[in-house]
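Here's the structure we're looking at; comments come further down.
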Amino acid sequence: MNKIKKAFFCSNCGSSSPKWIGKCTGCGEWNTYNEEIIAKEDKKEAKRTWRENSVRSPKPIPLQEVIGGKTTRLVTPDQELNRVLGGGIVSGSMILIGGQPGIGKSTLMLQVALQLPIKLLYVTGEESEEQIKMRAERLGIQNQQCFILTETNTQKIFQQFKALQPELLIIDSIQTLTSPHLDSTPGSVSQLRECAGELQRLAKETNVPVIIIGHITKDGAIAGPKLLEHIVDAVLQFEGDRHYTYRILRTIKNRYGSTSELGIYEMKANGLREVSNPSELLLSQKEEELSGSSVCATLEGLRPMLIETQALVSTAVYGTPQRSSNGFDMRRLSMLLAVLEKRCGFKFGMSDVFLNIAGGIKVDDPAIDLAIISALVSSLQDIVVPSNVCFAGEVGLTGEIRAVNRIDQRIQEADRLGFSEIYISKYNLKGLDLDRYKLKVNTVSKIDELYSDLFG
Ligand code: TYD
Ligand code: MG
């Protein structure tokens, strides 16, 4: 007899429970449990994989006897994507690309699909064939080998997959898929888990790589379930501010490469353009030198970038001074202001302070502190920081300038871009060969030293 089976799932982490509970025992979130129907058919049928009767029962073998793991990688025409994936798409791997709606995930995947010289299947559950066609026309790339399928039922997708025998499968998006073995709604935790599981079996059994697109919730988690993250081999996140054109593709997890790589794109009217030299874009274009702006040599992942920070300090017109920060942690800004006030006697207490990082990107790198305090002081005193000077250093609570990691890479990038001076922490000097660089390396150990050096 078929009995409807139900369970409760946490919409945040995917833990399950036979009863409703208020606080998730897995992730500690409150009120995240929802009831879902998990199986209406009997168990035997629900266990079917994508290819029926393919029952393999592996035996344990000594690791030495496992035949050498020679991973073959499909090198895509997109250098940024290759970099993020650690050299290309590994055969039989499953890659999840997450991002907020409208950020450009479908555009990126279609663009890669159209440029690949192999037979591939692009399954879309979100858009019609006509919409995909329109997007392809906008991208202006033609490809005979790229097949589009509008389908959301996993078993039907697998039938078409078997008939077509593509070398790459792209799913747009996992939240629209439904498995006929389950009765719950598309996008629910149990559906996501089942569909991802079925796709994973397909990838492992056929050795065809599968790329799945997943939407992201507001707070930045790949929609609800963290569970997708451990099923897949690599998780990439596509992020950026919708009001700006830059997009960053970040690795969150990668079984076949480093997680500190980063790809940068620019959204154009005809698709995404790879940005191989980000610093030139992130330094703002201006003719005359103005106060309140300074450049930091930061690292995003492993990539050095020079980013402009801008500060505006003005007299508060209303009673309470305002603090506003774009792309930089607000609490850290308050801390830097407090350090400047206490250690150097600058009075920010009665001023509005606005801070902006150029290009709409967010920076967590502590090395930006030094550039931020120079921009703040420069705006407060209305003295220009010369545009050929950049900074890399962390500021501590006592006003000391602390060493930052990978200083050599930062200096090299600044050197390459033609800066003539860089300010770094005194404690960063160890092991540094200053004769290698064309630019002048200034070292400081306290904020007041920086002030007297820079503004005299
Ligand atoms: P889309 O790929 O549909 O986003 P997602 O799949 O992540 O939801 O991209 C949507 C945005 O990209 C849309 O606002 C229009 C813009 N866009 C361009 O600016 N240029 C282009 O060539 C394309 C195809 C889209
Ligand atoms: Mg889309």
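We're numbering straight along the sequence, starting at 1.
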Separation between SG (C296) and CZ (F328), nearest 0.5 Å, reads 9.5 Å
Just how far is it from atom OG of S179 to atom CZ of F158, taken to the nearest 0.5 Å? 8.0 Å
N/O donor-acceptor pair under 3.5 Å between K204 side chain and G92 backbone: yes
Just list the side-chain donor-acceptor pairs under 3.5 Å for residues 108-121, sequence neighbours left out, or say none.
from: Q111; atom 1: OE1; to: L272; atom 2: N; distance (Å): 2.9
from: Q111; atom 1: NE2; to: L272; atom 2: O; distance (Å): 2.7
from: K119; atom 1: NZ; to: L164; atom 2: O; distance (Å): 2.9

Which residues share a ring pair (Phe, Tyr, Trp, His ring centres under 6.0 Å) with Y122, sequence neighbours left out: none
Heavy-atom nearest pair, I407 first then N428, reads CD1-OD1, 3.7 Å
Can I get a per-line list of side-chain donor-acceptor pairs under 3.5 Å for residues 361-375, giving both atom names and the distance, sequence neighbours left out?
from: D365; atom 1: OD1; to: A367; atom 2: N; distance (Å): 3.2
from: D365; atom 1: OD2; to: L299; atom 2: N; distance (Å): 3.0
from: D365; atom 1: OD2; to: R410; atom 2: NH1; distance (Å): 2.7
from: D365; atom 1: OD2; to: R410; atom 2: NH2; distance (Å): 3.4
from: D369; atom 1: OD1; to: R332; atom 2: NE; distance (Å): 3.3
from: D369; atom 1: OD2; to: R332; atom 2: NE; distance (Å): 3.4
from: D369; atom 1: OD2; to: R332; atom 2: NH2; distance (Å): 2.4
from: D369; atom 1: OD2; to: V395; atom 2: N; distance (Å): 3.1
from: S374; atom 1: OG; to: L370; atom 2: O; distance (Å): 2.5

Give a yes-or-no answer on whether the side chains of T176 and T152 include a donor-acceptor pair shorter than 3.5 Å. no
With no hydrogens and no angle check, do the side chains of T124 and D172 hold a donor and an acceptor under 3.5 Å apart? no
Those residues that, when tested against E151, pass side-chain contact (heavy atoms from CB on, under 4.5 Å) (two or more places apart): L149, N153, K156, I157
Using 30° and 60° as the class limits, which term best fits the ring planes of Y265 and F238: parallel, tilted or perpendicular? perpendicular
Would you mind reporting whether I422 and Y437 have side-chain heavy atoms less than 4.5 Å apart? no
Considering all heavy atoms of both residues, which atom of E80 and which atom of G263 are nearest to each other, and what is their separation? OE1-CA, 3.2 Å
For L202, is there any backbone N or O sitting under 3.5 Å from a side-chain donor or acceptor partner on E205? no
Atom of G88, atom of R73 and distance for their closest heavy-atom approach: O-NH1, 3.3 Å
Test item: L376 and L333 side chains (from C-beta on) under 4.5 Å apart, heavy atoms: yes
Test item: N356 side-chain N/O and Q310 main-chain N/O as donor-acceptor pair under 3.5 Å: no
Does E130 come within less than 4.0 Å of K133, counting only side-chain N to carboxylate O? no
List the residues meeting side-chain contact (heavy atoms from CB on, under 4.5 Å) with S17, not counting sequence neighbours, and say none if there are none. K19, I21, Y33
Decide whether S294 and T309 meet the rule of one side-chain donor and one side-chain acceptor closer than 3.5 Å. yes
Kindly check if the number of other-residue, nucleotide or ligand heavy atoms within 6.0 Å of CE (M134) is above 12? no
With rounding to the nearest 0.5 angstrom, report the SG to CG distance, C390 to L306. 5.0 Å
If you apply the rule side chain to side chain contact (heavy atoms under 4.5 Å, CB included), what do you find for L199 with L169, and how did you get there? CA-CA 10 Å; L199 285 167; L169 176 64; 4.1 Å; yes
side-chain contact (heavy atoms from CB on, under 4.5 Å) against R255, all qualifying residues, sequence neighbours excluded: D233, K253
Is there side-chain contact between F9 and S188, with heavy atoms separated by less than 4.5 Å? no
Listed by chain and number, what are the salt bridge (charged side-chain N to carboxylate O under 4.0 Å, His left out) partners of E167, not counting sequence neighbours? none
How long is the gap from CE on M267 to OH on Y246, to the nearest 0.5 Å? 14.0 Å
Does the side chain of V210 come within less than 4.5 Å of F161's, by heavy atoms? no
Point-to-point distance, once rounded to the nearest 0.5 Å, from CZ of R303 to CD of Q409: 11.5 Å
Just wondering, do L236 and L85 contact through their side chains at under 4.5 Å, heavy atoms? yes
Just how far is it from atom CD1 of I213 to atom CD1 of I171, taken to the nearest 0.5 Å? 9.5 Å
Pairs where residues 135-146 contributes a residue and the test side chain to side chain donor-acceptor pair (under 3.5 Å) is met, not counting sequence neighbours: E127-R135
Any heavy-atom pair between the side chains of R416 and E413 that's under 4.5 Å? yes
Compare every heavy atom of T185 with every heavy atom of Q191, then report the nearest pair and how far apart it is. CG-O, 3.2 Å
When you measure from the side chain of D415 to the backbone of K438, do you find a donor-acceptor pair of N or O atoms at a distance under 3.5 Å? yes
Could you walk me through whether L432 and I411 pass the side chain to side chain contact (heavy atoms under 4.5 Å, CB included) check? CA-CA 10 Å; L432 217 54; I411 302 178; 3.7 Å; yes
Minimum heavy-atom distance C195-T154, with the two atoms named: SG-CG2, 3.8 Å
Taking only residues two or more places apart in sequence or in another chain, which ones pass side chain to side chain donor-acceptor pair (under 3.5 Å) with Q160? none
Going by salt bridge (charged side-chain N to carboxylate O under 4.0 Å, His left out), name the residues that satisfy it together with E261, two or more places apart in sequence or in a different chain. none
Nearest heavy-atom contact between S425 and A403 is OG-N, 3.5 Å
Considering residues at least two apart in sequence or located in another chain, which fulfil the salt bridge (charged side-chain N to carboxylate O under 4.0 Å, His left out) criterion with D408? R436
Do the non-hydrogen side-chain atoms of Q131 and E126 ever get within less than 4.5 Å of each other? no
Between the side chain of R250 and the main-chain N/O of E239, is any donor-acceptor distance below 3.5 Å? no
Donor-acceptor pair, distance only, cut-off 3.5 Å: does the side chain of N82 make one with the backbone of T76? yes
When you measure from the side chain of T298 to the backbone of M305, do you find a donor-acceptor pair of N or O atoms at a distance under 3.5 Å? yes
Side chain to side chain contact (heavy atoms under 4.5 Å, CB included) for I252 and L96? Distances and angles first, verdict last. CA-CA 10 Å; I252 303 213; L96 173 66; over 6 Å; no
Among all residues two or more places apart in sequence or in another chain, which pass the salt bridge (charged side-chain N to carboxylate O under 4.0 Å, His left out) test with R402? E400
